[in-house]
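What follows is one structure encoded as structure tokens, with my remarks underneath.
Sequence lines set the chain letters: A, B, ... in the order given, protein chains first and strands last, and positions in each chain run from 1. Reckoned from all heavy atoms, side chains included, excluding hydrogens, waters and symmetry mates.
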2 protein chains.
Amino acid sequence: MTYNAPMTRKRFDQMDCSVACALNEVGDWWSLLVVKQAMLGTRRYVDFQNRLGIAKNILCDRLSRLVENGVMVRVDVGEHGKRYEYRLTDKGRDLFTVITALRQWSERWNGEKDSMKLVDRQTGAPLAPVTVQNQQGHSLTVRDVRFVDDNGNPLEETG
Amino acid sequence: MTYNAPMTRKRFDQMDCSVACALNEVGDWWSLLVVKQAMLGTRRYVDFQNRLGIAKNILCDRLSRLVENGVMVRVDVGEHGKRYEYRLTDKGRDLFTVITALRQWSERWNGEKDSMKLVDRQTGAPLAPVTVQNQQGHSLTVRDVRFVDDNGNPLEETG
DNA sequence: CATAACGGTTGCAAAACGAAACCAAATAAG
DNA sequence: CTTATTTGGTTTCGTTTTGCAACCGTTATG
């Protein structure tokens, strides 16, 4: 073998799979943690760094990519520039479902790792478990769904 | 500086955060895609490899870690050994919510990347959007919840 | 004015990743 | 029965990413 293909990280842009596409944007070790931290109210670069214990160059890279992908925005809050806040966009806030599902999954199977609880702001009651539901609101497992193509034909995924 | 700490990938085991703990198990670029593929029916090593286009050594490592973490099991299906199937455990199947939430998020914000649809097996109707709900079944955004500690006191997360 | 804080960038070493080659056991083909 | 192919990896090697610390220009603070 004489030719080596360019060694780029395998990216999921072109995998024509929505899950892969999502992972391409927030599927690395840190991105979802940054988003989670932002949901707790963190906005400043140094605060992300201190709370998460992430290296500064990695944080820099992740914030840039989150901004690029429209998950966060960098807002100039300095009087004469050079003071910034990183805030979630609607797209970023919409990851609340994903992060909550992940958190609950971990709590169910690995036990609670922190003392943080999420409660309904109105009532103070704990949240319901996040589930996949049909349009009548009944929870479905993976066995209760079918994967079909555009024509409604079941995908033959024997392999 | 004379001492260099051992350079291990930062792990989230000890971050006492359930989200971090979850990401520690399935938070890399490939693990959730392997689980997703398994939900489509894939069970054999070579089939994962062909469907996902993942390098063999990486696939090997990911399957091992998923088995270690109880997300999948390796089942011996050879007559005299040496033929295996990798199947989801209950813990693995329970990631259905996370993966579906991720898929829907991507479809909402990046458009549909594949022609695959998920439908209710019984009715053939499309699924409802996955949302965080309170116990009355009302959907909540991140603004509708509070993060509190064990005593019900709101977390001061100004930073 | 001096000093610290903020938001980075740079340089280096360690670890993870990707592609291909290689390999032993099990199965299939002839 | 013998040979070829498939399966499920491991090894090798080069590239990319990560983690840590040091450094730097600008901005607030005492």
Does A:Arg74 make a side-chain N or O approach to OP1 or OP2 of C:dG7 shorter than 4.0 Å? no

For B:Tyr45 and A:Ile54, find the nucleotide of DNA chain D closest to each by heavy atoms; which residue's nucleotide sits nearer the 5' end? B:Tyr45

Give the nucleotide from the list D:dG8, D:dC20, C:dT9 with an atom nearest to the side chain of A:Ala55. D:dC20

How close or far is atom P of C:dA19 from atom CG of B:Leu52, stated in whole angstroms? 13 Å

Applying a 4.0 Å non-hydrogen cut-off, can you work out what B:Asn57 is touching in the nucleic acid: base, sugar-phosphate, or nothing? base

Which nucleotide in the list D:dT7, D:dT10, C:dG8 gets nearest to the side chain of B:Val46? D:dT7

Verify the contact: side-chain N or O of B:Tyr84 to OP1 or OP2 of D:dT6, cut-off strictly under 4.0 Å; return yes or no. no

A:Trp29 CH2 - C:dA15 C1' separation (whole Å): 12 Å

d(CG, A:Leu33; P, D:dT18) in whole Å: 14 Å

Salt-bridge test for A:Lys117 and B:Asp150: reply yes if a basic N is under 4.0 Å from a carboxylate O, no otherwise. yes

Do B:Gln49 side-chain atoms and B:Leu59 backbone N/O form a donor-acceptor pair below 3.5 Å? no

Regarding B:Arg62 and B:Asp28, does a basic nitrogen lie under 4.0 Å from an acidic carboxylate oxygen? yes

Checking C:dG18, D:dT18, C:dC17 against the side chain of B:Arg62 (C-beta onward), the nearest is C:dC17

Short N-O contact, A:Lys91 and A:Asp94, less than 4.0 angstrom: no

Whole angstrom value for the distance that separates P of C:dA5 from CD of A:Gln49: 13 Å

Separation of A:Leu59 atom CG from C:dG8 atom C1', in whole Å? 10 Å

For A:Arg103, is there any backbone N or O sitting under 3.5 Å from a side-chain donor or acceptor partner on B:Ser18? no

When the distance from CZ of A:Arg43 to P of C:dC6 is rounded to whole Å, what number comes out? 16 Å

Let me know, please, whether B:Asp61 or A:Cys60 comes out on the 5' side of the other along DNA chain C by nearest nucleotide. A:Cys60

How long is the line joining CG of A:Asp76 and P of C:dC6, in whole Å? 16 Å

Report yes if a side-chain nitrogen or oxygen of A:Arg83 is closer than 4.0 Å to either non-bridging phosphate oxygen (OP1 or OP2) of C:dA5; otherwise report no. no

Rounded distance in Å - CG (A:Asn24) to P (D:dT17): 12 Å

Under 4.0 Å between a side-chain N or O of A:Arg44 and OP1 or OP2 of C:dG7? yes

